[in-house]
Amino acid sequence: MAVDSKWLPISRAEILPKVLDGLQQRFIYSDEIGDVLSAALYEPCNLLLWGPGGHGKSDMVLAALRAIGLTDDEIFIQSFGEGMSEDRLWGGPDMASLDTCVRYDTSRSFLAPQYKVVIFEELFDAPAQALLPLKDVLTRRVFMNGPDRVPMHAKVVIACTNKDPRDFVEGNDAVQALMERFLLQKEVRWPQYEEKNYRELFAKVHPNASAAGYEFQRLLSRVIAGLNEEAFTMSPRMALQSLEVVANCARIRGDNLITADAFQSIRFVQGMQSYTADLSRKIEKQLPSGAIKLKLEASDLRDASEDPLRTSRAQIPALISNSLKSRYIHCDEIIQVLTHAFYQPCNVLLWGPGGHGKSDMVMTALRKLGYGEEEIFLQSFGEGMSEDRLWGGPDISKLDECLEYDTDRSFLPYEMVVLEEILDASSQALLPLKDVLTRRTFMNGSRPVPMKSKVIIACTNKDPREFAKDSDAIKALLERFPLQLEVRWPSYVQSDYEALFAKSQPDASSDKRKLQRIYAHVIASLNDERETGFKVSPRIALGGLRLAVNSVGRHGRKRMIVEDILTIRNVQGMESYKRDVESLIRSALLEGGIEVLLSDIDERAIKLRGEMDAINAKFDAARTFEGEARSEMNDLAIEAMIELISSVDRLRMELVQIVVTDPKLIQWKKLSEKNVEELADEIEAGT
């Protein structure tokens, strides 16, 4: 068979040395990968690279292709996955021909004549509806676009996947048939994951490290190797991000000093959330005893450029810290991770239970950095999120020619982007988003649109560890967020809620502080009584406190009573509370809210006195009636009197249960007892 040797800009004899040279500059353990890549290009034939994520499969392919002289315009990259459709595979519908037949705009697909090499990422995660027609085209090298024959010009297709093909090819005829179209196949992973391996990787990134930088790399390599265990191995990508984060700690300090605390920032790196051991303790165990002080030089830093954002790097730490600490509690870690994200800059994922103010804290920090509301792109994802909405909606003026999007209405032009509930979106939206976050360019029809976003902050109430297990699209997308943090309080006790209320109302009077203390005690008690780990979130706590205070004002009372606190039942999130909330609240008040119970008893005593007056009025009215009507009116008054007596007895019993030692409360209780007894005497006299 004749071999086309003219499709590359270099001779066949130059392929292997140039590929090896291109990979050795950036990667370790790349010689075997370079050899198989050069074989695929030399033949030419298709190649499958597979292995655990984070090892740079796609990056190595691109580095090799650029080393042999191919330009980005000659390389087609596409992500597959659960949401991959035949429509998307072939470039989308040709709008101009829709009135005659269904055709695809193949100029936007890998079939376009300018492409010489095609890279398919996570190919085998796609459904059979997309894989089977792709198999046919890879076999015949022709696609029937309606009645037209569209030739496949690309000489080599390189598929990359994090999955082991041996695990999922059996029983899947579509995958098995497609795999047969890849003559060459190679697993990509390191032979070992020891200290020396990570040190070699770091040396590729900083070949001219100073003496302090070299020692820093040695310590970090030791820490990373010590974290590896049977169920967890830190990938090269995670290791490089760890290097970036820990080094940035020195820059954030302002003196370029690496200390022992800096190594704890490894916990923010994507993938560390699945680490099960005591991370802080294991990091400390790998570090030498005594103080660590290593002063880094410019050659030890990957990016020594100044001020990637409109705010200078030197100002970022203090601005974020001051803006969040003045409004939120338990925010130290989110201050750190946002500082790292803006300092680098890079994307960050914030996740955790709802009601903890993830988006609010992000927006507070962004405004402090000088970004106005109109300069921050905010978008909510969800099950209904579509690719159409993601890219700004179709450009109506061009619909009769082609399907293009109005990208000015998307996140692409914005420097700062906040994406809420990102894990709720479908694969159809997440896959193209992952592509754009990787290449930082969106192909809008045949026109490339650059992504100007410097920091993308994704917020979600879902645990990404659970979603990544079941969705390869989400797993691939999560890898595009180098920093990740779970946002929740370390504890949910009375002192936490008191601190929250103090932040929200820093100028509250002593009386209000007392009410806040009581309310915090009640909320903490509700947490203790819930079986399934339910915690009253900061949002629920603040909302409930506002409702309670409003209830006091609405009813014209001077003091809070139990009825006011019970308004928390109407706050979002409390509807799932199955227990008797009122009895729990009253029980909690016996321990830490006697003032509210006494106020409640006083208020009810006043109401009962009014009810007694109403009953006496009924007896007086009955005297004006005759016969059966008089008897019915007296019966109603007697029933009300019996209920009134029972209510007074309940007040007496509640007072007996209240035990106080504070002199003021003792005096208050005696006064309440006196009022209740006087009411009882009046009722008895009236009877």
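Every heavy atom of this structure was used, including side-chain atoms; hydrogens, water molecules and symmetry mates were not. The structure displayed is predicted, hence computed values, not measured ones.
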| said: side chain to side chain contact (heavy atoms under 4.5 Å, CB included), that's the test. Do Ile75 and Ile119 meet it? Break it down for me. | reply: CA-CA 7 Å; Ile75 305 168; Ile119 301 173; 3.9 Å; yes
| field | Summary of salt bridge (charged side-chain N to carboxylate O under 4.0 Å, His left out) pairs that have at least one residue in residues 52-73, sequence neighbours excluded | value | Arg66-Asp72
| salt bridge (charged side-chain N to carboxylate O under 4.0 Å, His left out) pairs, two or more places apart, involving residues 131-140 | none
| said: Please determine whether ring pair (Phe, Tyr, Trp, His ring centres under 6.0 Å) holds for the pair Phe481 and Trp351, giving the CA-CA distance in whole Å, both sets of side-chain angles, and the decisive distance to 0.1 Å. | reply: CA-CA 12 Å; Phe481 291 86; Trp351 60 279; over 10 Å; no
Quiz question: by atom type and distance under 3.5 Å, do the side chains of [X] and [Y] form a donor-acceptor pair?
X: Asp31; Y: Gln24; result: yes
X: Gln217; Y: Glu200; result: no
X: Asp388; Y: Ser386; result: no
X: Ser380; Y: Glu420; result: yes

| message | I'd like to check Leu70 versus Pro9 (side-chain heavy atoms, cut-off strictly below 4.5 Å). Are they in contact? | response | yes
| field | Parallel, tilted or perpendicular, as decided by the 30° and 60° cut-offs, for the rings of Phe76 and Phe120 | value | perpendicular
Give a yes or no on whether a salt bridge exists between [X] and [Y], defined as a side-chain N under 4.0 angstrom from a carboxylate O.
X: Glu86; Y: Arg88; value: no
X: Glu375; Y: Arg310; value: yes
X: Asp406; Y: Arg409; value: yes

| query | Are the side chain of Arg181 and the backbone N or O of Leu134 linked by a donor-acceptor pair below 3.5 Å? | reply | no
| Any donor-acceptor pair under 3.5 Å linking the side chain of Arg237 with the backbone of Gly53? | no
| task | Would you sort out whether Tyr198 and Trp190 count as a ring pair (Phe, Tyr, Trp, His ring centres under 6.0 Å), showing the intermediate values? | result | CA-CA 10 Å; Tyr198 295 108; Trp190 285 2; 5.4 Å; yes
| query | Run the ring pair (Phe, Tyr, Trp, His ring centres under 6.0 Å) check on Tyr115 and Phe110 step by step: do they pass? | reply | CA-CA 7 Å; Tyr115 297 121; Phe110 71 95; 8.9 Å; no
| query | Counting only heavy atoms not in Lys18, do more than 12 sit closer than 6.0 Å to its NZ atom? | reply | no
| query | More than 12 non-hydrogen atoms from neighbouring residues, nucleotides or ligands closer than 6.0 Å to CD on Glu180, yes or no? | reply | yes
| remark: By salt bridge (Lys or Arg N to Asp or Glu O under 4.0 Å), Glu415 pairs with (sequence neighbours left out) Lys454
| request: List the steps, then state whether side chain to side chain donor-acceptor pair (under 3.5 Å) holds for Ser79 with Glu122. | output: CA-CA 6 Å; Ser79 286; Glu122 301 304 332; over 6 Å; no
| note | dist Phe202:CZ -> Ser221:OG (nearest 0.5 Å) comes out at 4.5 Å
| query | So Ile158 and Val117, side chain to side chain contact (heavy atoms under 4.5 Å, CB included) or not? Walk me through it. | reply | CA-CA 8 Å; Ile158 302 175; Val117 176; 4.2 Å; yes
| field | Ring centers of Tyr193, His55 separated by less than 6.0 Å | value | yes
